[in-house]
Colleague: 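This is the structure, below, for whatever I ask next.
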Amino acid sequence: MNTPVILTGAGSFLGKYVLKELDAKGIDTFAVSRKATTILARQGLSSRIKPVDLDLSAPELDWSPPLNSQYRIIHLAFDRMASGDSAHGAEINNSITRNIINLCRNANISAIVNASSTSVYGTPKGGLISAETAVQSPSDYGIAKLKAEQRLAKAAEVDSVLSVRLPAILGREAHPENWLVRIARAMQQHAEIAYQSPDFLFNNAVHGASIGAFFIELSQAASPQSAAFPVGAATGPTLRDLLMQMRDRLQSRSKLVVLPTTSAPFAIDNTAAESLGYKAEPIEHVIDRYLNDLTDRSL
C-alpha cells in the first residue's frame with residue numbers, strides 16, 4: 001500500500017515532474033504551493049492529487065493534513081535567493097524550514113525527502129564529490145541549503161531526513177541559468193561555444209523525470225537513517241563529445257573553442273545514492289532527453 005505524500009514546491013519545475021509521477025503511481029498527495037489550485041488545474045491530474053494553497057514562508061501555517069494517515073514529505077520548496085538580497089532570501093528559507101518542522105510535529109510526520117543542492121560543497125578542488133566531501137566556501141545559496149539540511153536532520157520531530165544534493169536539473173522549463181541550458185540556447189543561435197576541460201568525464205546533470213521518480217521511491221521505502229548525498233548521471237563520453245552530440249542534434253553551426261583550464265572540474269560519486277536504490281541515467285541519455293524537451297513543440 002502506498003504511503004500518502006505531502007509535496008512542497010508543487011509549482012516548481014521539478015515539482016511538476018514529481019506530481020505527474022505521483023499521480024501515475026496512484027499515490028494520494030497534498031500538493032503545496034502558493035497557487036496550487038491554479039497549477040493543478042492546468043495539469044489535468046486526478047482527484048488523488050489535492051491542492052493546498054499555502055505560503056510556507058508565512059510566520060505560521062494554518063494548515064495540516066488529516067490525521068488519519070501516516071504521511072511522508074517530499075520537500076522541494078526553497079527560495080533561490082536570486083533577488084540580490086541574500087539576507088532576505090535566507091530569512092525566507094529559515095521560515096520554510098521552521099514551518100516544515102512544525103508541520104512534522106503537528107501531523108506526526110517522521111520522514112522527509114529533501115531537495116538540496118551540490119552548491120553546498122562550494123568550490124571543490126576537482127575529483128569526485130561524495131557524501132563525505134568537505135564543504136569549501138559555498139555561496140550564500142549553498143550555505144542556506146546546508147543549514148536547511150542540518151536543521152531538518154537535527155529536528156527531534158523527524159526520524160529520517162534524506163537530503164538529495166542535486167546538480168543541474170534538465171527538462172522542459174529548466175532554469176535558464178543552468179550551464180547546459182545556456183549552451184543549448186547559444187547553439188540554437190549558432191553562437192561560438194567556449195569551454196574548458198574537453199576530456200573531462202562530465203556527469204553533473206540529471207533529468208527532472210528521473211530524479212522525480214527517485215524522490216518518490218525514497219518516499220515509499222522504509223526510512224533509513226538521515227543522510228545527505230549527491231546524485232548525478234552515469235559517466236559516459238567526454239565533455240567534448242557531449243557538446244558535439246548537442247551541436248549535431250540541434251543542427252547547429254556553432255564553433256567549439258577550448259579555453260585553458262583555470263580550475264579543476266569535479267564529477268559526482270553516486271555510491272551513496274545507489275545504496276538507496278538510485279539508478280544513474282547515462283549522461284548522454286540525460287542530454288538527449290533534454291534536447292527532446294527543447295525541440296518537441298507538442299509538449
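Not measured: the values here are computed from a predicted model. When a residue number appears, it is its place in the shown sequence, counting from 1.
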Colleague: Could you tell me if the side chain of Asn108 sits less than 4.5 Å from the side chain of Leu67, heavy atoms only?
Modeller: no
Colleague: Applying side-chain hydrogen bond (donor to acceptor under 3.5 Å, both in side chains), which residue pairs with at least one partner in residues 14-23 are found, sequence neighbours left out?
Modeller: Lys16-Glu173, Asp23-Ser46, Asp23-Arg48
Colleague: Quick one: CG on Asn178 to CG on Asn204, what's the gap to the nearest 0.5 Å?
Modeller: 10.5 Å
Colleague: Does Phe229 have Arg165 sitting over its ring (NZ/CZ under 6.0 Å from centre, angle to axis within 45°)?
Modeller: no
Colleague: For atom NZ of Lys147, is the number of surrounding heavy atoms from other residues, nucleotides or ligands below 6.0 Å larger than 12?
Modeller: no
Colleague: If two hydrophobic side chains count as joined below 4.5 Å and joins carry through other members, does Val181 share a cluster with Val286?
Modeller: yes
Colleague: Whether the side chain of Arg72 engages the backbone of Ile109 through a donor-acceptor N/O pair (distance < 3.5 Å, no angle test) should be reported.
Modeller: no
Colleague: Return yes if some donor-acceptor pair links the side-chain N/O of Asp53 with the main-chain N/O of Thr37 below 3.5 Å, else return no.
Modeller: yes
Colleague: For residues Tyr195 and Val258, determine if any side-chain heavy atom of one lies less than 4.5 Å from a side-chain heavy atom of the other.
Modeller: yes
Colleague: Whether the Ser130 and Asp269 side chains hold a donor-acceptor pair (N or O, under 3.5 Å, no angle test) is what I'd like checked.
Modeller: no
Colleague: Membership question, hydrophobic clusters at under 4.5 Å side-chain separation (ILVMFWY): are Ile74 and Leu103 in the same one?
Modeller: no
Colleague: State, with a plain yes or no, whether a side-chain heavy atom of Gln188 is found less than 4.5 Å away from one of Leu294.
Modeller: yes
Colleague: Between atom CZ of Phe13 and atom CG of Leu76, what is the distance when rounded to the nearest 0.5 Å?
Modeller: 11.5 Å
Colleague: Is there a side-chain contact between Pro198 and Thr238, using heavy atoms and a 4.5 Å cut-off?
Modeller: no
Colleague: Any donor-acceptor pair under 3.5 Å linking the side-chain atoms of Arg289 with those of Asn292?
Modeller: no
Colleague: Filter on salt bridge (charged side-chain N to carboxylate O under 4.0 Å, His left out), then keep only pairs touching residues 244-263, sequence neighbours left out; what's left?
Modeller: Arg249-Asp288
Colleague: With the 4.5 Å side-chain cut-off for hydrophobic clustering, are Leu170 and Ile283 part of the same group?
Modeller: yes
Colleague: Can you tell me if Thr123 and Gln136 form a side-chain donor-acceptor pair at under 3.5 Å?
Modeller: no
Colleague: If you measure from OG on Ser210 to CD on Glu281, what distance do you get to the nearest 0.5 Å?
Modeller: 3.5 Å
Colleague: Determine whether Met246 and Leu291 make a side-chain contact, defined as any pair of heavy atoms from C-beta on separated by less than 4.5 Å.
Modeller: yes
Colleague: Looking only at the side chains, is there a donor atom on one of His88 and Asp79 sitting less than 3.5 Å from an acceptor on the other?
Modeller: no
Colleague: Give the C-alpha distance, both sets of side-chain angles, the deciding distance and a yes or no for side-chain hydrogen bond (donor to acceptor under 3.5 Å, both in side chains) between Gln196 and Thr262.
Modeller: CA-CA 8 Å; Gln196 301 179 19; Thr262 57; 3.3 Å; yes
Colleague: Does the distance from a Lys or Arg side-chain N to an Asp or Glu carboxylate O, for Asp199 and Arg240, drop under 4.0 Å?
Modeller: yes
Colleague: How are the rings of Tyr141 and Phe78 set to each other: parallel, tilted or perpendicular (split at 30° and 60°)?
Modeller: perpendicular
Colleague: Is atom CZ of Arg98 surrounded by more than 12 heavy atoms (other residues, nucleotides or ligands) closer than 6.0 Å?
Modeller: yes
Colleague: To the nearest 0.5 Å, what is the distance between CG on Leu152 and CG on Asn114?
Modeller: 5.5 Å
Colleague: When the ring planes of Trp63 and Phe30 are compared, do they come out parallel, tilted or perpendicular, using 30° and 60° as the limits?
Modeller: perpendicular
Colleague: Only one of Ile112, Ile100, Ile73 forms a side chain to side chain contact (heavy atoms under 4.5 Å, CB included) with Val158, so which one is it?
Modeller: Ile112
Colleague: For the residue pair Ser116 / Glu149, report whether a side-chain donor-acceptor contact shorter than 3.5 Å exists.
Modeller: yes
Colleague: Less than 4.5 Å apart, any side-chain heavy atom of Pro138 and any of Val120?
Modeller: no
Colleague: Test: ring-ring contact (aromatic ring centres under 6.0 Å, His included). Region: residues 242-291. Which pairs qualify, not counting sequence neighbours?
Modeller: Phe214-Tyr278
Colleague: Please check if Ile216 and Ile49 belong to a single hydrophobic cluster, counting links between Ile, Leu, Val, Met, Phe, Trp and Tyr side chain heavy atoms closer than 4.5 Å.
Modeller: yes
Colleague: Assess the side chains of Thr3 and Gln70: does a donor N or O sit below 3.5 Å from an acceptor N or O?
Modeller: no
Colleague: Do the side chains of Leu7 and His75 get nearer than 4.5 Å, heavy atoms only?
Modeller: no
Colleague: Same cluster or not: are Leu243 and Phe202 linked, directly or through other Ile, Leu, Val, Met, Phe, Trp or Tyr residues, by side-chain heavy atoms under 4.5 angstrom apart?
Modeller: yes
Colleague: Under a 4.5 Å cut-off applied to non-hydrogen side-chain atoms, are Val5 and Ser219 in contact?
Modeller: yes
Colleague: Would you say the side-chain atoms of Ser197 pair up with the backbone N or O of Phe200, donor to acceptor, closer than 3.5 Å?
Modeller: no
